[in-house]
Every structure is written in C-alpha cells, then in structure tokens.
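Ligands are counted one by one from 1 in listed order, and the atoms in each one are counted from 1 as well. Remember, it's a predicted structure, so these values are computed and weren't measured experimentally.
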Amino acid sequence: MAYRIQGETGEWEVVIGLEVHAQVISQAKLFSGAATAFGAAPNSQVSFVDAAFPGMLPVINGFCVEQAVKTGLGLKAKINLRSIFDRKNYFYADLPFGYQISQFKDPIVGEGTLVLDLADGETRSVGIERLHLEMDAGKSLHDQHPSKTYVDLNRAGVALMEIVSKPDMRSPEEAAAYLRKLRTILRYLETCDGNMEEGSMRCDINVSVRKPGQPLGTRTETKNVNSIRFVQQAIEYEAQRQVEVLESGGSIVQETRLWDTAKGVTRSMRSKEEAHDYRYFPDPDLLPLELDPAFVERIKATLPELPDEKKARFIAQYHLTPYDAGILVAEKARADFYETVAKGRDGKMAANYVIGDLLGALNKTGKDISESPISAADLGALIDLVSDNTLSGRLAKDVFAEMLDSGKAPGLIVEEKGLRQVTDTGAIDGAIDQVMAANADKVAEYRSGKDKLFGFFVGQVMRATQGKANPALVNERLLAKLKG
Ligand code: ADP
Ligand code: MG
C-alpha cells in the first residue's frame, strides 16, 4: 500500500532522492600516497599534497578509479570513458586547498539502477543518476579545547564516491531499503565497507511532498545522516513538517537542513547554495580521465556474483521463497554459510535452520554470522541427523540449543546425552505395552469409541522414552496395538 501523509486538505505523497558519500576501500588517498586507516592519531596520515603545500601536485590513484568503475558496473550503470575533475571552491578551516577536487558535469559513472527488496518479498527499481569521485575534507574538532578548534587532516584527500539516486523513492521504508541494498552491493564489491557508524557511508536526504499526480514539489536537503534508522526518522519528520507548512499557506524554501538526533527534528542550516556559488571549473592540475574500454572489460570480468543474481539463483536452485532468498543474500558471508549448509541437502530445510534457528538466535545476542558458535559444517551435520532419523525434529531443537551453548558438534552431543532417537520397534512396542498395562481403564474407554484418548497414549509413550521415540513409529505402533 502506498505511503501517504494525511493532511487537512487530503493525502500527500512523499518524494525522496538520496545522495550517499561512500568512502572507497583503498590503502592510499585519491591524489596522494598517504594512508587511510580508520582511528589513526590525528594528522599522522597527511602528505604535503593533502595539506595543500605550495607546489604540490595531485596524482590520481589508479586503484580508486578501478573501485569507482567496479561500483558503477555493480549498479548496472553507464561507465563514462572520459570524465573530468573540477574544483569546487569554498573556504573552510579543514579544507586547506580552498577547494574540493570533485567531478561536476562529467562524472565517471552515469545512469544505473538499484533493485529494492521490500518487506513483503516484492522488489522495486530505483534509478541511479550518477556516481562521481571526489576527495574528502579534513575534520574540525570542536570538543578538544574550551576556546580552540583543532583540525585533523587524516581524512583530507580520502577518496569518496558520491552516489546520487533519482527522486524515485516514495516512503521512509523504501529509503531504508535503498541504503541497505546499496550497502550490500558495496560490500559484495569490496569497494566500500558500508560502515555508517565510522562515517564511511554518509547520507544526504532530499525530501519533497506533493498531492499524488502533481508535479514534483520543492525539496529540502538534510545533510550527513549517519544511520538508517535516523534516515527514516528524518524523512518522516521532514515530510510532516513540509505538509504543515504548505497547508498553512506557506511555501517550502530549497535549503540545507540538519538532523538533530537528540530532539528528533530537522533544523535549517543554510539556504541552498547554487552550483555557480562554487565556481566549478576543470582542475588545471589534472588531465581529463580517459579510460580504455579494455580496462573496463577487465574489471567487469572480476565482478563477483551480485546479490540480485545470487537471489535469483537461490530461488531457482534451492526452491526458496523470494523473501527467504532475500534474507540470505543480504550479506555475502550469510549466503556463503547457507550454501555450505545446503550443499547436497534439502535447500528449504537448510534455509529453515539458517534463518529460523541460527539467525534468530544470533539476532538475540547481536552477533554476526561470522561470529556464529555453530559452524556451517556442524549445522549441516545436524540436518543429516534429522534426515537419517537419528533425531526427531524436537530432539534436534535440543541439540541445536546445546550446539549454540557449547559449540560442540551435533554427533558428539547425541552420544554424550544419549539423545539418539529410538527407532527400534521392539523398544517402542515395549514402552507401549507398559503404558497400556498401566492404563487398562483408558484402553477400554478408547476401544469403546473415545478416539480423543489417542493423544494421551502418544504423550505417555513419549514420556516413557524420554522424548526419544520416533513420533511416526509411535503413532503407527500405537494404532495397531490399541485396535487390539
Ligand atoms: P544538488 O547538487 O543540488 O544536491 P542534484 O541534482 O545532485 O542536486 O540532486 C540531488 C538529489 O535530489 C538527487 O538525489 C535527486 O534525486 C533529488 N531530488 C531532485 N528533485 C527532488 C524533489 N523534487 N524531491 C525530492 N528529491 C529530489
Ligand atoms: Mg547535493
């Protein structure tokens, strides 16, 4: 169902476009050889180029270019064989150049698409407008000294990919699905670690509202929101605010806003600067970037199987629902784990154990699949014990819980605890005879037509065997014996 905001004058539709700054995974910066590791001591990873010393010249890092092309290919986007680096001029203490080297009119990557996986297993396509390379600025630290601001240039010059979507999203949930999917793709490609808390993926949110069917409204842009949950909250707040402004006869000004995490509101920061305020012009220190088609083809050949393709394959090969397949491919490590478990086994059963049991349990303790106390091989072995009737489904739950606790292999737990399912008909018949002898009155009642008592007998036999009797056999043998 479409997401709508109910106003006094009727229903409003929300229109969202996202700009994501994704830090490129690279040992060195975009135009210098300085290191990029997170968490280093302030100003310990700064070259003369990054500090804009006079006479220093930027030299493009070929690996960052490869990463941008790889990302473009992963977004099914057009790779522009000729792109241009521009200077975006502005003054800030953490920007020693006095400009940012970015790409404006001619970005390295053009239009592409990203497929959203929505909660109901449905999908929807969102257009990508462009992806361009640019350098990050330094960081101003306002909280280190009562009256001074410190500048840390470690981040200055680090390569960013700015990935701009079309205004194709229509709800906070779709925006969240977009960010999750983009992060998944970047991680599969290993071009950005997607870690929003560390700031390696930051999001600017463009929001406008309109009556359904009307032309696009004026948008505001909320800068640098650093978690998916905050992105959703900021959109909800901002859309509601715009509806209230418009319905009370006001108009929306195109402006840059900030998300106030503590108060849960967006606040005006500055009216929107126009592109011409930045006096963009081609950087005379850098030649246009010309790519050889063979270079692009070589990168294409190294692309891994991406989440959409993997999902389609899981559905076809393991007969999974789109919803289950979507959950499994959301992380590459998760998909790999699943495939190890599913190999040579029932794919649907493997999915139930991985998603329902393992991911459910890991979720409770906030653990990632890479920290799972149960290995894929052991989970597979547990499934085998169910398939060959050593364990009933119910006993398997107990063994699973013990595996989670102790990390022990399922076979070992079965031996240690004597949990092996009883499938020996002699033993089961013995238990049934005992139960019938101890409940002669109930047997008589059953035989005179009180069918409901059957469940009682099953319960008693299971109890007599400490839950280890094979349930199907118990049913079969009981029916036969009670008939008399
Ligand atoms: P700028 O450089 O000023 O931020 P862009 O052309 O790069 O402008 O667009 C920024 C983002 O705004 C894009 O993600 C685009 O989809 C989005 N956008 C454009 N128009 C609207 C609108 N009317 N409502 C919501 N988002 C919009
Ligand atoms: Mg913008």
Notebook entry, point to check: For the rings on Tyr278 and Tyr99, is their centre-to-centre separation under 6.0 Å?
Noted result: no
Checklist line | Heavy-atom nearest option to atom 13 (C) of ligand 1, drawn from Ser165, Pro167, Ser208, Gly217 | finding: Ser165
Margin query: Below 30° counts as parallel, above 60° as perpendicular, anything between as tilted: where do the rings of Tyr318 and Tyr338 land?
Written below: perpendicular
Notebook entry, point to check: Of the backbone atoms (N, CA, C, O) and the side-chain heavy atoms from C-beta on, which set of Asp204 has a member under 4.0 Å from an atom of ligand 1: side chain, backbone, both, or neither?
Noted result: neither
Next item on the list: Please confirm whether Glu129 comes under 4.0 Å of ligand 1, counting heavy atoms of the residue only.
Entry: no
Check: Looking at Leu216, which atoms of ligand 1 are within less than 4.0 Å of one of its heavy atoms?
Finding: 23 (N)
Check: So, do Phe97 and Phe53 have ring centers that fall under 6.0 Å from each other?
Finding: no
Checklist line | Proximal ligand 1 atoms for Glu221, defined as those under 4.0 Å from one of its heavy atoms | finding: 4 (O)
Next item on the list: Measure from NZ or CZ of Lys211 to the centre of the six-membered ring of Trp12, then state whether that distance is under 6.0 Å and the direction lies within 45° of the axis.
Entry: yes
Notebook entry, point to check: Can a donor-acceptor pair be found between the side chains of Thr256 and Glu221 at a distance below 3.5 Å?
Noted result: no
Notebook entry, point to check: Are any side-chain N or O atoms of Glu122 and backbone N or O atoms of Asp117, one a donor and one an acceptor, separated by less than 3.5 Å?
Noted result: no
Item checked: Which atom of Arg124 lies closest to which atom of Leu118, heavy atoms considered -> CB-CD1, 4.1 Å
Notebook entry, point to check: Is Val164 touching ligand 1 with its side chain, its backbone, both, or neither, if touching means heavy atoms under 4.0 Å apart?
Noted result: side chain
Item checked: Backbone or side-chain N or O of Glu19 under 3.5 Å from ligand 1 N or O -> yes
Check: For ligand 1, which atoms have a heavy atom of Lys166 less than 4.0 angstrom away?
Finding: 16 (O)
Next item on the list: Compare His132, Arg130, Arg219 and give the one whose heavy atom is closest to atom 5 (P) of ligand 1.
Entry: Arg219
